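Step one of this worksheet: look at the structure below.
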Protein chains: 2
Amino acid sequence: MEAIHPQTIALIRKLESIAHLTPEETAALQRLPLHLKTVAADQDIVSEGDTASECCLIVAGFACRYNITAAGKRQILSFHISGDIADLQSLHLTVMDHSLGALIPCKLAFIQHDDLRALMRAHPRLGDLFWRDTLIDAAVFRQWVVNVGRRPALTRMAHLLCELLVRLRAVELVEDHAFDLPVTQADLADAMGLSNVHVNRVSQELRKLGLIAFQGKTLRVLDWEGLKTTGEFDPTYLHLAKKDAL
Amino acid sequence: MEAIHPQTIALIRKLESIAHLTPEETAALQRLPLHLKTVAADQDIVSEGDTASECCLIVAGFACRYNITAAGKRQILSFHISGDIADLQSLHLTVMDHSLGALIPCKLAFIQHDDLRALMRAHPRLGDLFWRDTLIDAAVFRQWVVNVGRRPALTRMAHLLCELLVRLRAVELVEDHAFDLPVTQADLADAMGLSNVHVNRVSQELRKLGLIAFQGKTLRVLDWEGLKTTGEFDPTYLHLAKKDAL
DNA sequence: CGGTGATTTGACAATATTCAAATTCGGTGG
DNA sequence: CCACCGAATTTGAATATTGTCAAATCACCG
């Protein structure tokens, strides 16, 4: 009998945010064999060009996928939080076309592709759910294309913060409209396709508008409706199952 | 016995570009029930907010997925060509978070979700292949984030043209480094997050550099190596099975 | 406290946008 | 076959947004 892994709690919470799980499915997820690991801040978890035979579940921390252009500029492609399998696509695209890096120290749990495949064979609905998860991933990429391509800097930043709040709330990491945002303005700049200087100015403006406030590394949303309006934010693209309090 | 549908040739060619198909799989694809339809230029095929129960195979033409921002600006998210199932994601994300529109008159073949599900049940490898296809879709979105977020306009346009050439060549729509590009500069602008005026200037520069030439609506790549270099183009992210002549 | 990294500020430059008008292209009808 | 029409492309000038560089201040951690 395999052990029950407490690290899967985050994963189960995440999957429950996008679909319903049966007790059998939950139990099967809890029995997934895991290889635990911690990585320091600014370390690559998987690098562009690598051939993957396992997927990386973020148990705790804050990670991102990114690419470096020929000109040496970094573009962050997505942020990943507790419960995310950040490189689920490696199941069918074994060579990495981007890197996965830790933005702060992270607790990780690696799952062998073979174990995932066995799980999906035994529980086809979980297979569909994992597929759905990668499709939501893609929906987020699409919104980022819109954000970076067509929204001015202030709107862009508001939108990104809205997305983070909703995603973090889905896995119960938001309390009273406040959450940990343990990244630098330079990281945010690389996510939004802006310079760090400009992010700083836009961040100040969001604060002057009374929409947000920083208390150290925790971000408090002071005016959720205002932030959503400023960010033109519509959470449909996150395809959450529980649509409460959006 | 179901009929064999010639419209599936494009789909089969496309799928063969990203994986190998067995004769049985090919035969099963050819028997897929199709609803044929044609749409005029600038018509929506599926609109944001719609609930989908079928997927749209592009048999011929040129389509795009797009979003309109609150400020009324359009961001094109992807271009779709012969052989693409442009909204395969609707299989697991039934409400559309973006629209699918025809850029020129298109021949379409709609496939019911139920028929696709039956096909995948009978041929699990095809299920994996469709999943893989949506993952490549996501990989393209990621590259577009990089393109729009971190590459200057000239590089951005070169990269987009490289991508189109490689994708079109994979379905045998490129002859002698030339292909049909039946879209306006305004369409390209909306794909790259630029203004139409700037696209015009950048297009002129690519021509002055001797990298490309237009003959009406057909684009001829005069210097493929140069265009790849200018566009910082690495086709890995397209995850093609046949890597010849990249 | 001291030092390192993050944030903030200011001045200036570069890139891209907007607006408006001119030109070219492609198709259509006389 | 040519004239004409609307759409697409091209051009120019002025403007806006964002980037770059450099320095100053702030904040956290040992």
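Below, read A as the first sequence line, B as the second, and so on, with proteins coming before strands; counting in each chain starts at 1. Note that these values count all heavy atoms, side chains included, but never hydrogens, waters or copies made by symmetry. Here the structure is a predicted model, which is why all the values come from computation and not from measurement.
- At a non-hydrogen distance threshold of 4.0 Å, B/T184, B/Q185 from residues 180-189 of chain B come into contact with DNA chain D.
- A salt bridge is defined here as a Lys NZ or Arg NE, NH1 or NH2 lying under 4.0 Å from an Asp or Glu carboxylate O, and A/D176 with A/R220 meets this definition.
- Between B/K217 and C/dG27 there is no side-chain N or O to OP1 or OP2 distance below 4.0 Å.
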Close N or O pairs between protein and nucleotides 14-20 of chain C (under 3.5 Å):
unit_1, atom_1, unit_2, atom_2, d
C/dA16, OP1, B/A153, N, 3.1
C/dA16, OP2, B/H198, NE2, 3.1
C/dA16, O5', B/H198, NE2, 3.4
C/dT17, OP1, B/S195, N, 3.0
C/dT17, OP2, B/S195, N, 3.0
C/dT17, OP2, B/S195, OG, 2.8
C/dT18, OP1, B/K73, NZ, 2.8

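- For B/C55 against B/L88, the heavy-atom pair with the smallest separation is SG-CA, 3.9 Å.
- Looking at B/D133 and B/K14, a side-chain N of the basic residue comes within less than 4.0 Å of a carboxylate O on the acidic one, giving a salt bridge.
- Between A/Y237 and A/H159, the ring-plane angle classifies as parallel under the 30° and 60° cut-offs.
- Neither OP1 nor OP2 of C/dT7 sits under 4.0 Å from any side-chain N or O of A/N200.
- Classification of B/D190 and B/K73 as a salt-bridged pair fails, no side-chain N sitting under 4.0 Å from a carboxylate O.
- Along DNA chain D, read 5' to 3', the first and last nucleotides having any atom under 4.0 Å from a heavy atom of chain A are D/dT18 to D/dC21.
- Geometrically, A/R169 engages A/W224 in a cation-pi contact defined by less than 6.0 Å to the ring centre and at most 45° from the axis.
- At a threshold of 4.0 Å, the pair B/D180-B/K217 does not count as salt-bridged, since none of the basic side-chain nitrogens sits closer than that to a carboxylate oxygen.
- For the segment residues 204-215 of chain A, no residue has any heavy atom less than 4.0 angstrom from an atom of DNA chain D.
- For the helix from C/dC1-D/dG30 to C/dG30-D/dC1, the end axes, each set by the C1' atoms of five terminal pairs, are bent relative to each other by 40° (nearest 10°).
- In this model, no donor atom of one side chain and acceptor atom of the other lie less than 3.5 Å apart for A/Q143 and A/N147.
- Taking all atoms of both residues into account, the shortest heavy-atom contact from B/S82 to B/A10 is OG-CB, 3.3 Å.
- Panel note: side chain A/T155, backbone A/G231; no donor-acceptor pair is recorded below 3.5 Å.
- Look at A/R65 and A/D87 and you find no salt bridge, because none of the NZ, NE, NH1 or NH2 atoms lies under 4.0 Å from a carboxylate O.
- Exactly one residue among A/L173, A/V183, A/L181 makes a side-chain contact (heavy atoms from CB on, under 4.5 Å) with A/L164. That residue is A/L181.
- Here salt bridge (Lys or Arg N to Asp or Glu O under 4.0 Å) pairs that include residues 200-213 of chain B, with residues two or more places apart or in two chains, number zero.
- Side chain of A/S47 to main chain of A/D50: no donor-acceptor pair is present (N/O by atom type, distance under 3.5 Å, no hydrogens or angles).
- A salt bridge links B/D84 with B/R167: at least one charged nitrogen is closer than 4.0 Å to a carboxylate oxygen.
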